[in-house]
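The block underneath contains the structure these notes are about, expressed in structure tokens.
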Protein chains: 2
Amino acid sequence: MEKELETIFAQQKLRITRPRREIFRVLQQSQAPLSASMINTHCTTADRTSVYRTLELFHRLSIIKSVQFGWRQRYELADPFKIHHHHLSCTQCGRLIDLQSPEIENLVNVVASQNNFVVTDHTFEIRGLCQDCR
Amino acid sequence: MEKELETIFAQQKLRITRPRREIFRVLQQSQAPLSASMINTHCTTADRTSVYRTLELFHRLSIIKSVQFGWRQRYELADPFKIHHHHLSCTQCGRLIDLQSPEIENLVNVVASQNNFVVTDHTFEIRGLCQDCR
DNA sequence: CATCTTATTGCAACAAATTTGCAATAAGAA
DNA sequence: TTCTTATTGCAAATTTGTTGCAATAAGATG
């Protein structure tokens, strides 16, 4: 996947730098989505400022996507860098269940073409109470 | 819909106050989702603090929901107060197209019951380039 | 309608999160 | 190895979000 990163960067005169590598790795090694400040604390070398700037860059390049996490937002790697999935999220205990569904992928395409949209990404998330908390 | 508000509040010893009314109205009159600070500037009487507190309260009561808007998150009225819908969002120009789809609603229920989940809310969002920006 | 209880507000002071300007640094092309 | 310039780190400024608390005002009650 570092391979893919290089490809993306190569073109638009962007450089693969140490902070960018580190932030990417942090995101990659995390199971759950992370908030900006969590990413911060996981980065030993990259400066706070770089984290924010990199996060925005990654988002613009669709390398990461942001997802709802409780009342706030967090980030995780996007499609080509992670197996595409969605979330079932328990509002009580915070549990996050990954979910894959061909039907959704399908629906995305149908809806998009109906609206003349070129899809780059999508999000599907169900919030509620999990088995244990219901 | 003010009617519904009253019903919700009546029970749990909550009061319908001026700031709460104002914030609700601001949300109601807005086409697009608003950020906390946008809501702030639209409120003439309610204090910043009240806005934050009210937003959290409304969220807990499922009166509003938060949605992705570009890189950040914004709020809009939830189901009973607005027709349930999803978003097609253009990453280029920021355009937001409302979308309704019975299939999604359906899928939500199927997936949820497969996982023993009690659904309280869900999000579906497609990001990409709109007709004009593609 | 006056009164009483207490949920809610506004404010001021904090604390945390995010942004900006800029000189120093280091990718990566030549 | 050199050179260009994208990117970084740092310090300072802003913007966002939070907390404690006395003052206020919903709305229940008589």
Side-chain angles (χ1 to χ4, degrees), chain A residues 2-27 33-61 63-76, chain B residues 2-27 30 33-61 63-76 94:
Chain A
E2 294 270 325
K3 200 67 167 294
E4 304 190 56
L5 252 200
E6 280 177 28
T7 319
I8 295 179
F9 278 58
Q11 300 153 327
Q12 33 232 316
K13 60 190 173 178
L14 290 172
R15 295 174 183 174
I16 298 191
T17 62
R18 185 144 92 126
R20 287 176 183 171
R21 272 222 183 68
E22 181 172 36
I23 292 163
F24 184 80
R25 198 155 309 135
V26 166
L27 252 356
L34 300 172
S35 67
S37 77
M38 294 169 89
I39 294 171
N40 249 313
T41 58
H42 277 112
C43 286
T44 55
T45 68
D47 181 75
R48 220 186 28 226
T49 310
S50 298
V51 170
Y52 284 113
R53 287 195 278 228
T54 300
L55 247 25
E56 201 200 329
L57 175 70
F58 279 6
H59 187 257
R60 206 168 58 237
L61 298 176
I63 292 171
I64 61 173
K65 60 164 73 173
S66 63
V67 304
Q68 267 333 108
F69 194 93
W71 175 234
R72 304 192 150 295
Q73 90 186 142
R74 296 193 178 179
Y75 311 98
E76 68 178 7
Chain B
E2 295 272 325
K3 200 67 166 294
E4 304 189 55
L5 253 200
E6 278 176 30
T7 319
I8 295 180
F9 279 57
Q11 300 153 327
Q12 35 232 315
K13 59 193 174 177
L14 289 171
R15 294 175 182 174
I16 298 192
T17 63
R18 185 145 92 126
R20 287 175 181 170
R21 273 223 181 68
E22 181 173 35
I23 293 164
F24 184 81
R25 198 157 307 135
V26 166
L27 252 358
S30 167
L34 300 173
S35 67
S37 76
M38 293 168 89
I39 294 171
N40 248 315
T41 58
H42 277 114
C43 286
T44 56
T45 68
D47 180 75
R48 198 155 45 105
T49 311
S50 298
V51 170
Y52 285 113
R53 287 195 277 229
T54 300
L55 247 25
E56 201 200 328
L57 175 71
F58 280 6
H59 187 256
R60 205 168 58 237
L61 298 176
I63 292 170
I64 61 172
K65 59 163 70 175
S66 64
V67 303
Q68 268 329 111
F69 193 92
W71 174 233
R72 305 195 146 291
Q73 91 186 143
R74 296 191 178 179
Y75 311 98
E76 66 176 9

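In this text, all values refer to a predicted model and were calculated from it rather than measured experimentally.
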Whole-Å gap separating C1' (D:dT19) and CZ (B:Arg53): 8 Å
Atom-to-atom span, CG of A:Leu14 to C1' of D:dT7 - whole angstrom: 10 Å
Can you tell me if [X] touches the phosphate of [N], counting only side-chain N or O atoms and a distance under 4.0 Å to OP1 or OP2?
| X | N | result |
| --- | --- | --- |
| B:Tyr52 | D:dG17 | yes |
| A:Thr17 | D:dT8 | yes |
| A:Arg20 | D:dT7 | yes |

Stretch residues 36-45 of chain B: residues that reach within less than 4.0 Å of DNA chain D through a heavy atom: B:Ala36, B:Ser37
Non-neighbouring partners of A:Glu22 that pass salt bridge (charged side-chain N to carboxylate O under 4.0 Å, His left out), sequence neighbours left out: none
Distance criterion of 3.5 Å, no angle test: do you see the side chain of A:Arg15 paired donor-to-acceptor with the base of D:dT5? yes
Contacts of type side chain to side chain donor-acceptor pair (under 3.5 Å), residue [X], not counting sequence neighbours:
| X | answer |
| --- | --- |
| B:Thr17 | none |
| B:Ser30 | none |
| A:Ser50 | none |

Would you mind reading off the bend of the helix from C:dC1-D:dG30 to C:dA30-D:dT1 from its two end axes, five pairs each, to 10 degrees? 50°
